[in-house]
Asker: 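Just passing along the structure, written as structure tokens.
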Amino acid sequence: MSATGAIARVVEPANPRVPLYEWMLAKQWPLSLAAGILLLLGWEAAGRSGQLPEYVLTPTAIVRGAVTTYEEGLLLPAIATSARRLAAGFAIGTGIGVVLGLVSGRSWFMSKVVDPLVSVANPMPKIALLPVFAVWLGFTDVTRVSVIALGCFFPVFINSASGTRLVELDLMRVADNVEASSLRRFFSVVLPAALPRVLVGMRIAVALSFVTMFASEIVVSPDGVGGMLYNGYENGRFDVMYGGLLVLATAGFLADLALSQLGTRLTRGQNIEAVGSDGR
Amino acid sequence: MTPENSQALIEVPNTQRRVKPLLEINGICKTFRRGKRTVEALTEVDLQVADGEFLTIPGPSGCGKSTLLHIIGGFESATVGSVLLSGEPVTKPSRAPGMMFQHGALFPWKSVLDNVARPLVAAKEGRRESRQAAMEYVELVGLNGFQDSYPGELSGGMRQRVALARTLAMKPRVLLMDEPFGALDAQTRELMQEELNRIWSATGTTVVFITHDINEAIFLGDRVVVMGARPGRIVHEEPVDLPRPRTAEAKKDLRMLEQHNRLWDVLRQEMLPRGDEASR
Ligand SMILES: Nc1ncnc2c1ncn2[C@@H]1O[C@H](COP(=O)(O)OP(=O)(O)OP(=O)(O)O)[C@@H](O)[C@H]1O
Ligand SMILES: [Mg+2]
């Protein structure tokens with residue numbers, strides 16, 4: 001009677017005896033992990049057999065360096081300081097960026113006022129404003145947070161605005177058809193439709209926020225993780241320098257992972273759409 | 001209150017009954033303006049649809065079919081003329097005319113069930129109740145077992161079933177369908193036409209159905225109204241006297257072939273380039 005009966009769903013066979021290499025190829029992440037481990041082992045071996053210059057530490061020495069900074073009581077306060085700045089800057093910049101972006105995408109007037117300002121200001125390296133802000137506000141955390149926030153604002157704003165503009169007209173008409181209020185239409189159509197782009201903006205922002213945070217921590221009076229790393233360089237303590245680098249790399253990786261996981265969860269149906277199940 | 005006799009009575013196709021029209025389209029003209037250029041999309045369209053009637057409108061591509069349907073649905077306004085639904089003028093979108101869009105316009109971030117439940121939730125029917133009611137429509141269109149899938153996981157035909165279920169869930173006074181099977185492959189389209197005949201018999205809704213396929217127009221309709229192009233207008237109208245219920249067998253009926261040929265002659269004239277006439 002109906003055509004759907006003939007449509008079978010693709011089910012993974014529950015075979016417990018899959019060869020290891022097939023499992024690795026199917027899951028992908030074991031393959032990446034294996035490649036990473038091989039690289040680290042090679043690096044370690046090269047260092048131990050004296051084939052690397054002395055300023056390139058081996059992976060174990062870098063981990064030891066990070067542990068040393070912890071034992072010397074440098075690491076945790078540095079992380080606390082940096083995390084506070086990063087979180088505040090990211091939250092403020094992203095928050096304002098999302099709200100203004102969504103409004104500007106929907107409002108003709110706002111887009112005429114804000115968009116030109118953004119396109120003029122965007123190409124300028126935001127970190128260049130650090131000295132300017134320092135003159136206005138003194139070289140305080142407020143200055144650092146402001147620069148981080150500014151760096152986050154632009155990618156989030158631009159992506160939110162364009163995501164909002166790209167909402168299909170017919171989806172809006174469906175909402176009109178069921179007599180949805182404009183508030184409801186915004187939250188149940190505009191926002192979810194724009195969300196994938198908003199999240200893209202946020203991932204760019206997180207990467208940028210590490211850059212601006214680091215730069216703002218190594219000038220004038222170095223502190224935080226960036227400052228720790230910089231001081232390691234100044235004092236010839238390579239273990240501290242590489243230890244700081246390890247912390248930054250790990251934190252950046254985790255932040256990006258968290259955002260991409262959040263994104264996958266929030267935009268489930270849309271990801272399928274993006275991959276395209278029937279080439280549309 | 002309008003006096004009883006102010007509205008002209010129309011004849012229900014294939015019966016001797018004369019009733020007041022449910023939908024009245026009076027002298028609709030629509031002109032689009034883009035800067036200095038103007039496009040005359042519709043001119044002097046008059047149309048009456050009886051309660052419970054299935055009206056099909058074939059017409060060449062770009063002749064203003066979608067525009068006409070958008071005006072009936074209240075999504076666009078006519079330059080001249082009026083649309084009356086149950087005697088009330090249509091000025092903005094509402095639930096009374098329920099629209100099924102050319103490309104489905106499903107919310108990709110919602111499951112099948114939540115897509116269908118959307119009009120019910122918007123009517124503040126409570127989440128539990130609306131999902132229960134939505135399930136009945138999912139079953140009506142033959143999608144049991146797929147209620148938790150996302151639209152991106154479905155085939156084109158299944159998506160149109162979802163769109164149909166969602167539109168039916170609005171309980172519209174008139175169902176507006178804009179080439180709903182136009183993007184489907186030939187076989188799926190045939191099946192969907194038979195499905196629609198079955199569903200229509202079960203619900204008895206008034207339908208205005210747009211298509212570019214003459215066979216589809218005859219197979220589904222009680223009455224066929226052919227549109228011509230540049231500017232869009234009605235050029236021909238005739239009832240379909242094939243017995244219902246119509247199954248695949250009806251497509252082999254000799255009367256269907258005759259009617260197809262007759263309507264195709266009309267439509268062909270409309271699809272010829274205008275230059276041909278001028279040079280003759
Ligand atoms: N928003 C608009 N602005 C300007 N012109 C428009 C607009 N919408 C439609 N038109 C024009 O009006 C005419 C009719 O368009 P419409 O979409 O109604 O045609 P259609 O019959 O639905 O075509 P198709 O069969 O391809 O779906 C076309 O010439 C089109 O270019
Ligand atoms: Mg169209």
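Letters A, B, ... are given to chains in the order of the sequence lines, protein chains preceding strands, and every chain is numbered from 1.
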Asker: May I ask you to decide if B:G98's main-chain N or O and A:N177's side chain share a donor-acceptor pair within less than 3.5 Å?
Answerer: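 Not a single qualifying donor-acceptor pair exists.
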Asker: Quick one: pull up NE2 in B:H70 and CZ in A:R173 and give me the separation to the nearest 0.5 Å.
Answerer: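 Output value for this atom pair is 4.5 Å.
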Asker: Does any heavy atom of chain A fall under 4.5 Å from the side chain of B:E76, the backbone, both, or neither of them?
Answerer: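 When you check distances to chain A, only side chain atoms of B:E76 fall under 4.5 Å.
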Asker: Report, as yes or no, whether the 6.0 Å neighbourhood of atom CD on B:E88 holds more than 12 heavy atoms from other residues, nucleotides or ligands.
Answerer: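 No.
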Asker: Supply the atom-to-atom distance A:D170 CG to B:F75 CZ, rounded to the nearest 0.5 angstrom.
Answerer: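 Taking CG in A:D170 and CZ in B:F75, the distance rounds to 8.5 Å.
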Asker: For the side chain of A:E179 and the backbone of B:R95, is there at least one donor-acceptor N/O pair under 3.5 Å apart?
Answerer: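 Answer holds: yes.
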Asker: Tell me, for B:M170 versus chain A, whether the close heavy atoms (under 4.5 Å) come from the side chain, the backbone, both or neither.
Answerer: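 Looking at B:M170, just its side chain touches chain A.
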Asker: Of all of B:R166, B:K110, B:E194, which one pairs up most often with chain A through heavy atoms under 4.5 Å apart?
Answerer: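 Among B:R166, B:K110, B:E194, the one with the most close pairs to chain A is B:R166.
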Asker: Below 4.5 Å from any heavy atom of chain B, which atoms of A:S188 appear? Answer side chain, backbone, both or neither.
Answerer: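 Both backbone and side chain of A:S188 come within 4.5 Å of chain B.
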Asker: Quick check for you: to the nearest 0.5 Å, what is the distance between A:D176 atom CG and B:K92 atom NZ?
Answerer: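 Nearest 0.5 Å value for the CG-NZ distance: 10.5 Å.
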Asker: What distance separates B:F107 CZ from A:Q270 CD, expressed to the nearest 0.5 Å?
Answerer: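 Taking CZ in B:F107 and CD in A:Q270, the distance rounds to 11.5 Å.
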Asker: Would you mind checking which part of B:P97 comes under 4.5 Å of any heavy atom in chain A, side chain (CB onward), backbone (N, CA, C, O), both or neither?
Answerer: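 Backbone only.
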Asker: Between A:A193, A:P192, A:P196, A:A175, which has the largest tally of heavy atom pairs under 4.5 Å with chain B?
Answerer: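 Heavy-atom pairs under 4.5 Å are most numerous for A:P192.
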Asker: Taking the side chain as everything from C-beta on, heavy atoms only, tell me whether A:T267 gets closer than 4.5 Å to B:W109.
Answerer: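 Heavy-atom side-chain distance check fails, nothing below 4.5 Å.
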Asker: Looking only at non-hydrogen atoms, find the nearest pair between B:L106 and A:L171 and report the distance.
Answerer: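 Scanning both residues, the minimum pair turns out to be O-CD2, 3.4 Å.
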